[in-house]
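To find a chain, count down the sequence lines: A is the first, B the second, and so on, and within it residues start at 1.
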Number of protein chains: 2
Amino acid sequence: MPEATGARARQREQTRRTLLREGRRLFAAHGYADVSLSGIVAAARVTKGALYHHFDGKPALFRAVLDEVQEEVADAVAATADAEPDPWDRLTAGCRAFLAAATAPGVRRIMLVDGPAVLGWSAWREMDEANSARHLADALAGLAASGVLADRPVEPAARLLSGAMNEAALWLADPRAPGDPDAVWEALEPMLESLRASRGPDADR
Amino acid sequence: MPEATGARARQREQTRRTLLREGRRLFAAHGYADVSLSGIVAAARVTKGALYHHFDGKPALFRAVLDEVQEEVADAVAATADAEPDPWDRLTAGCRAFLAAATAPGVRRIMLVDGPAVLGWSAWREMDEANSARHLADALAGLAASGVLADRPVEPAARLLSGAMNEAALWLADPRAPGDPDAVWEALEPMLESLRASRGPDADR
DNA sequence: TAATTCGCATACCGCTGGTATGTGAAAGGA
DNA sequence: TCCTTTCACATACCAGCGGTATGCGAATTA
């Protein structure tokens with residue numbers, strides 16, 4: 001799919017990718033509001049004509065960038081989680097991987113700060129759900145199916161955990177007073193544990 | 001303090017309050033980015049000269065609005081919590097009150113969506129800490145002091161809970177697919193319970 | 001009542017996101 | 001091969017934005 005045969009199609013793809021790359025770099029560094037389209041097209045060595053040929057406007061470019069970021073985070077989480085055989089380890093390892101990925105400089109601001117404000121919370125939530133947050137819900141659903149979790153609905157728990165981890169990521173990567181990773185994890189782990197079935201270590205069945 | 005004696009001082013206060021009121025209304029309804037200063041001053045029946053006489057610019061006006069909103073939420077939380085004699089009930093009642101206050105139409109978008117993006121996450125966090133989030137940390141600290149909580153540091157737990165509740169508020173008041181309050185609470189309560197000391201219902205001491 | 005203050009209005013500016021149109025090289029047909 | 005069409009992008013332009021400099025008149029003060 002990324003392959004392009006014609007000379008024109010190849011150039012087109014490269015221009016598009018350059019715009020996404022420079023847009024992401026500038027959005028991450030200065031924030032959505034403080035980045036102008038003029039700045040982006042100058043960094044990409046093209047003009048606004050090119051940008052509007054590829055994207056519908058500034059919010060659309062940001063959305064494409066965010067899509068890329070979300071996919072990147074989701075891939076990192078999935079790769080780490082899938083390496084764990086035990087379902088519970090998959091959950092904890094996935095959470096750790098999320099925190100690591102979401103605190104990356106090219107991710108944090110775009111995904112967690114500007115994302116909801118630019119696209120609106122509902123649209124942002126849909127994207128988040130379709131990507132990284134989905135893995136969390138999946139992991140919880142898997143655990144629930146095997147009786148490890150209390151038989152409460154998993155969706156609310158997944159959302160609250162997602163919110164907690166987003167906040168954790170923002171704190172861990174706070175440029176002013178970054179949080180302590182160990183302290184965060186020691187607060188997060190009991191929250192995960194609280195989801196376990198109250199009936200001893202193994203339920204019937 | 002709100003009293004003003006001179007005719008000029010009274011007019012000044014009224015203009016300032018009108019700007020804050022209309023600014024808050026428009027920010028809450030359309031979002032920070034989609035509200036122009038022209039729109040605000042037109043709604044307030046003044047001109048930009050008045051606005052810039054009272055505030056340093058658009059972000060400064062927003063910050064003043066957010067300050068008002070935060071204080072309002074903090075007051076509601078404190079009033080509800082303080083009515084409960086039992087420390088643990090103060091925590092849970094305070095959480096419920098926060099969810100109720102944060103989902104209000106004039107609060108949600110300003111405090112939870114645009115706030116971090118406009119002021120930057122660090123500055124937003126400072127304000128949040130100084131207002132509503134402080135009550136959560138205080139409640140946890142009080143419980144920790146009386147041995148009800150496990151003796152882990154309270155700050156990380158407070159932050160994660162704050163993140164979870166912010167997300168919960170956003171979900172509960174989602175205009176597209178609002179969350180179910182009961183489901184949210186049944187997911188949040190176990191998280192709070194998980195903070196309790198692991199030693200039986202009552203620790204030594 | 002003359003001088004001063006100051007709350008606000010008026011007029012203006014550079015820049016932004018967005019649009020309408022032009023253009024030249026690559027792709028396609030004879 | 002040459003002509004035509006396509007299309008990726010450049011150029012030129014615009015209304016509206018946040019922000020600034022200045023003017024003004026009523027309330028205050030001396």
Side-chain angles (χ1 to χ4, degrees), chain A residues 2-27 29-66 110 114-115 117-120, chain B residues 2-24 26-27 29-66 110 114 117-120:
Chain A
E3 300 304 312
T5 51
R8 230 204 3 233
R10 209 178 319 126
Q11 176 63 28
R12 175 188 169 85
E13 262 310 298
Q14 181 178 334
T15 299
R16 185 189 154 86
R17 266 201 277 267
T18 304
L19 283 167
L20 280 172
R21 197 188 62 225
E22 295 302 313
R24 174 172 177 176
R25 189 176 62 81
L26 292 168
F27 285 149
H30 310 294
Y32 178 83
D34 288 350
V35 171
S36 71
L37 295 186
S38 326
I40 295 174
V41 298
R45 305 289 201 139
V46 293
T47 65
K48 283 203 287 187
L51 197 155
Y52 275 90
H53 183 74
H54 285 279
F55 304 96
D56 276 348
K58 199 187 178 188
L61 171 63
F62 180 83
R63 192 190 175 91
V65 167
L66 177 55
I110 292 173
D114 287 335
V118 173
L119 304 179
Chain B
E3 300 305 311
T5 50
R8 235 213 346 243
R10 210 179 317 124
Q11 176 64 27
R12 175 189 169 86
E13 261 311 297
Q14 182 177 334
T15 300
R16 185 190 152 87
R17 265 201 276 268
T18 305
L19 282 167
L20 280 173
R21 197 187 64 225
E22 294 303 312
R24 174 173 178 176
L26 291 168
F27 285 150
H30 310 295
Y32 179 82
D34 288 350
V35 172
S36 71
L37 296 185
S38 327
I40 295 174
V41 298
R45 305 289 201 141
V46 292
T47 65
K48 283 203 285 186
L51 196 155
Y52 276 91
H53 184 74
H54 285 279
F55 304 97
D56 275 348
K58 198 187 178 189
L61 171 63
F62 180 83
R63 192 189 175 92
V65 168
L66 178 53
I110 291 172
D114 286 336
V118 173
L119 304 179

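To the nearest 0.5 Å, atom CZ of residue B:Arg10 and atom OG1 of residue B:Thr15 are 12.0 Å apart. How far CZ of B:Arg16 is from CG of B:Leu51: 10.5 Å, rounded to the nearest 0.5 Å. Note that NE2 of A:His53 and CG of A:Leu19 are 11.0 Å apart. Values are rounded to the nearest 0.5 Å.
As rounded to whole Å, 11 Å separates atom P of D:dC9 from atom CZ of A:Phe55. To the nearest angstrom, C1' of C:dA27 lies 14 Å from CZ of A:Arg10. Look at CD1 on A:Ile40: it is 11 Å from P on C:dG18, rounded to the nearest Å. With rounding to whole Å, B:His54 atom NE2 is found 10 Å from C:dC6 atom C1'. One can place CG of A:Leu51 at 17 Å from C1' of D:dA12, the figure rounded to the nearest angstrom.
Within the structure, a side-chain polar atom (N or O) of A:His53 is placed less than 4.0 Å from OP1 or OP2 of D:dA8. Contact annotation: A:Gln11 side-chain N/O to C:dA25 OP1/OP2 distance is not under 4.0 Å.
A 4.5 Å side-chain heavy-atom check between B:Leu61 and B:Asp56 finds every atom pair outside the cut-off. Within the 4.5 Å cutoff, the side chain of B:Phe27 has no heavy atoms near those of the B:Leu66 side chain.
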(request) Encode nucleotides 15-30 of chain D as B, S and - characters from 5' to 3', where the letter depends on protein heavy atoms closer than 4.0 Å: B to the base, S only to sugar-phosphate, - to neither. (result) --SBBB------BS--
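Of all heavy-atom pairs spanning A:Ala43 and A:Arg25, the tightest one is CB-NH2, 3.9 Å.
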